[in-house]
Novice: 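I'd like to ask you about the structure that follows.
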Amino acid sequence: MPCLVRAEEDMQETGNQWVTIEDSFSHIYGSKGKRKPASEHLISETAIVCELAKATLPANPRWCWDEWRADYARIRDLIARTYPDEFHDMSERMNRPGGFYRGNPAHERIWKTDSGKAEFTDPSVLNACGVIDNPGGMHLVTLRSNDQFNTTIYGYSDRLRGLEGSRMIVMMAPAEMVRLGLVADQEVSLVTQVDDGTQRRVSGLPVKPYDLPAGTIAGYFPELNPLVPLGYHEELSKTPASKGIPVAVEP
């Protein structure tokens with residue numbers, strides 16, 4: 001859902017709110033937006049969650065959605081109470097120079113396993129999606145571009161793959177294009193091949209020759225997210241199976 005970004009003011013009942021950021025090295029620090037919001041209709045992620053909760057969950061005296069929305073420090077206090085070893089005095093420590101280090105046991109060679117050692121698994125298959133083959137079809141892998149952070153798109157120049165312009169494309173090996181009778185830039189539709197009673201289709205995708213394995217095609221997310229069934233996920237983690245969606249390619 002469209003929401004405020006960190007650079008924008010997040011004005012609640014107690015004023016412009018501080019949020020916290022964790023960087024790649026497990027350091028947590030405060031962040032406060034200073035720009036005027038792009039639209040008066042935008043609200044924060046916290047506000048969105050609180051309003052969804054109020055609209056869908058039964059009343060509970062322990063759930064203080066309005067109070068939490070009004071003052072994010074109350075949320076940080078709850079985090080500190082829940083995880084005191086890592087987050088004690090969170091609201092004060094986050095604004096120290098460089099923030100605070102929450103710790104990373106693996107970085108310290110501390111392994112939270114029964115053996116006390118690092119444990120590695122040996123997978124029996126390379127596909128954990130429960131689908132091994134898609135006769136007559138393909139498996140779609142969704143990707144990010146180099147100028148993308150999560151679902152935020154910063155540009156249309158994918159230098160990593162040498163692709164320019166529209167993100168509404170599908171990448172396919174030249175040999176597979178020949179097999180399917182397709183030519184470069186011919187528009188196709190992708191149709192999900194999962195029998196769950198819902199038709200999922202994305203159309204108007206020009207084909208781009210790209211070095212990919214046979215039986216595999218690729219495209220960008222979130223543009224191709226409509227093809228991912230909610231019930232189609234990795235069997236243990238429940239992560240959406242966005243790297244192995246069985247699809248048919250229709251000219």
Side-chain angles (χ1 to χ4, degrees), residues 1-54 62-113 115-120 143-161 167 220-222 237-240 242:
M1 301 178 71
C3 64
L4 296 172
V5 299
R6 280 199 296 123
E8 295 174 319
E9 291 181 338
D10 182 0
M11 299 301 298
Q12 303 295 340
E13 289 184 16
T14 56
N16 194 14
Q17 298 298 301
W18 285 94
V19 297
T20 51
I21 307 300
E22 181 173 1
D23 65 20
S24 300
F25 299 98
S26 301
H27 286 83
I28 295 175
Y29 54 92
S31 176
K32 179 184 286 189
K34 297 182 179 179
R35 294 180 179 272
K36 293 299 181 183
S39 167
E40 62 180 327
H41 302 294
L42 293 174
I43 62 176
S44 69
E45 292 176 321
T46 300
I48 291 172
V49 171
C50 289
E51 292 305 313
L52 286 172
K54 287 168 57 180
R62 300 182 64 184
W63 296 341
C64 308
W65 304 113
D66 290 333
E67 289 84 350
W68 294 334
R69 174 176 176 172
D71 186 356
Y72 298 173
R74 293 180 177 229
I75 301 174
R76 289 189 287 273
D77 290 343
L78 291 174
I79 295 173
R81 285 170 51 190
T82 306
Y83 301 101
D85 292 342
E86 299 177 39
F87 294 103
H88 63 90
D89 303 316
M90 185 177 180
S91 287
E92 184 273 324
R93 296 165 67 213
M94 71 180 189
N95 286 325
R96 296 176 182 175
F100 66 90
Y101 178 55
R102 66 169 295 187
N104 187 328
H107 178 264
E108 308 299 331
R109 302 299 188 266
I110 299 172
W111 312 110
K112 299 298 184 73
T113 61
S115 67
K117 299 180 179 180
E119 298 181 358
F120 299 87
L143 307 166
R144 307 182 195 195
S145 64
N146 68 278
D147 50 0
Q148 174 179 355
F149 180 77
N150 293 333
T151 57
T152 302
I153 313 302
Y154 292 104
Y156 296 91
S157 176
D158 190 352
R159 301 191 309 276
L160 180 64
R161 301 178 181 90
R167 294 168 52 88
Y220 294 116
F221 87 87
S237 69
K238 309 303 181 185
T239 302
S242 300

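Since we're looking at a predicted model, the values are computed, not measured.
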Novice: Quick one: do Lys54 and Asp66 satisfy side chain to side chain contact (heavy atoms under 4.5 Å, CB included)? Show the steps, please.
Specialist: CA-CA 9 Å; Lys54 287 168 57 180; Asp66 290 333; 2.7 Å; yes
Novice: With sequence neighbours excluded, what pairs up with Pro84 under the side chain to side chain contact (heavy atoms under 4.5 Å, CB included) test?
Specialist: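 If we apply the side chain to side chain contact (heavy atoms under 4.5 Å, CB included) test to Pro84, skipping adjacent residues, there are no hits.
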Novice: Measuring only between side-chain heavy atoms, which start at C-beta, is His27 closer than 4.5 Å to Ile21?
Specialist: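 Counting from C-beta outward, His27 and Ile21 never come under 4.5 Å.
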Novice: Quick one: do Asn150 and Thr152 satisfy side chain to side chain contact (heavy atoms under 4.5 Å, CB included)? Show the steps, please.
Specialist: CA-CA 6 Å; Asn150 293 333; Thr152 302; 5.6 Å; no
Novice: Compare every heavy atom of Gln17 with every heavy atom of Lys32, then report the nearest pair and how far apart it is.
Specialist: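 Closest approach of Lys32 to Gln17, heavy atoms only: CG-O, 3.8 Å.
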Novice: For atom CD of Glu13, is the number of surrounding heavy atoms from other residues, nucleotides or ligands below 6.0 Å larger than 12?
Specialist: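 Incorrect, the count does not exceed 12.
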Novice: Considering residues at least two apart in sequence or located in another chain, which fulfil the side chain to side chain donor-acceptor pair (under 3.5 Å) criterion with Tyr29?
Specialist: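 Applying side chain to side chain donor-acceptor pair (under 3.5 Å) to Tyr29 gives none.
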Novice: Dump the intermediate steps for side chain to side chain contact (heavy atoms under 4.5 Å, CB included) on Val19 and Glu45, then the final yes or no.
Specialist: CA-CA 10 Å; Val19 297; Glu45 292 176 321; over 6 Å; no
Novice: Search all heavy atoms of Pro2 against all heavy atoms of Ile48 and return the closest pair with its distance.
Specialist: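 Heavy atoms only, the tightest pair is O-CD1, 3.9 Å.
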Novice: Quick one: closest heavy-atom pair of Ser157 and Asn146, and the distance?
Specialist: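 Nearest heavy atoms, Ser157 then Asn146: O-OD1, 3.2 Å.
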Novice: Around atom OH of Tyr156, are there more than 12 heavy atoms of other residues, nucleotides or ligands at under 6.0 Å?
Specialist: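 At most 12 heavy atoms, drawn from other residues, nucleotides or ligands, come within 6.0 Å of this atom.
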Novice: Can you measure from CD1 (Ile153) to CZ (Arg144) and round to the nearest 0.5 angstrom?
Specialist: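 Interatomic distance, Ile153 CD1 to Arg144 CZ, rounded to 0.5 Å: 9.5 Å.
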Novice: Surrounding NZ of Lys238 (heavy atoms of other residues, nucleotides or ligands, distance under 6.0 Å), is the total greater than 12?
Specialist: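 Yes, the 6.0 Å shell around NZ holds more than 12 heavy atoms from other groups.
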Novice: Enter the distance from Leu78:CG to Arg62:CZ here, rounded to the nearest 0.5 Å.
Specialist: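 If we round to the nearest 0.5 Å, Leu78:CG and Arg62:CZ are 10.0 Å apart.
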Novice: Among side-chain atoms of Ser145 and Arg167, is any donor-acceptor pair under 3.5 angstrom?
Specialist: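 A pair is found: one side chain offers a donor N or O, the other an acceptor, under 3.5 Å apart.
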Novice: To the nearest 0.5 Å, what is the distance between CE (Met90) and CD1 (Ile75)?
Specialist: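 The CD1 atom of Ile75 is 10.0 Å from CE of Met90, to the nearest 0.5 Å.
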Novice: Atom CG in Leu4, atom CE in Met11: separation rounded to 0.5 Å?
Specialist: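 Between atom CG of Leu4 and atom CE of Met11 there are 11.0 Å.
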Novice: Would you name the heavy atoms of Ser91 and Arg76 that are closest together and state the gap between them?
Specialist: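 Minimum heavy-atom separation between Ser91 and Arg76: OG-NE, 2.9 Å.
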Novice: If you compare all heavy atoms of Lys117 against all heavy atoms of Thr113, which two are closest, and at what distance to 0.1 Å?
Specialist: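 That closest heavy-atom pairing would be O-OG1, 2.7 Å.
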Novice: Determine which pairs satisfy salt bridge (Lys or Arg N to Asp or Glu O under 4.0 Å) with at least one residue from residues 17-26, sequence neighbours left out, and list them in order.
Specialist: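 Those involving residues 17-26 are Glu22-Arg102.
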Novice: Taking side chain as C-beta onward, heavy atoms only, is Tyr72 less than 4.5 Å from Gln12?
Specialist: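 With C-beta onward as the side chain, the pair touches.
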Novice: For the residue pair Trp68 and Trp65, categorise the inter-ring angle as parallel (less than 30°), tilted (30 to 60°) or perpendicular (more than 60°).
Specialist: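 Ring orientation of Trp68 relative to Trp65: perpendicular.
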Novice: Is there a side-chain contact between Glu86 and Ser26, using heavy atoms and a 4.5 Å cut-off?
Specialist: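 With C-beta onward as the side chain, the pair stays apart.
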Novice: Could you tell me which non-hydrogen atom of Ser44 sits nearest to which non-hydrogen atom of Cys3, and how far apart they are?
Specialist: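 Heavy atoms of Ser44 and Cys3 come nearest at C-CB, 4.4 Å.
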Novice: Is the number of heavy atoms from other residues, nucleotides or ligands under 6.0 Å of Arg81 CZ greater than 12?
Specialist: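 No, the 6.0 Å shell around CZ holds no more than 12 heavy atoms from other groups.
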Novice: Any idea how Phe87 and Phe100 line up, ring-wise: parallel (<30°), tilted (30 to 60°), or perpendicular (>60°)?
Specialist: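 Perpendicular.
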Novice: Output, in order, the C-alpha distance, side-chain angles, deciding distance and verdict of side chain to side chain contact (heavy atoms under 4.5 Å, CB included) for Asn95 and Trp18.
Specialist: CA-CA 10 Å; Asn95 286 325; Trp18 285 94; 3.4 Å; yes
Novice: Which distance, rounded to the nearest 0.5 Å, do you find between the CD1 of Ile79 and the OG1 of Thr20?
Specialist: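 The OG1 atom of Thr20 is 6.0 Å from CD1 of Ile79, to the nearest 0.5 Å.
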Novice: Can you confirm whether Glu8 sits close enough to Asp10 that some side-chain heavy atom of one is under 4.5 Å from a side-chain heavy atom of the other?
Specialist: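 Glu8 does not reach Asp10 side chain to side chain.
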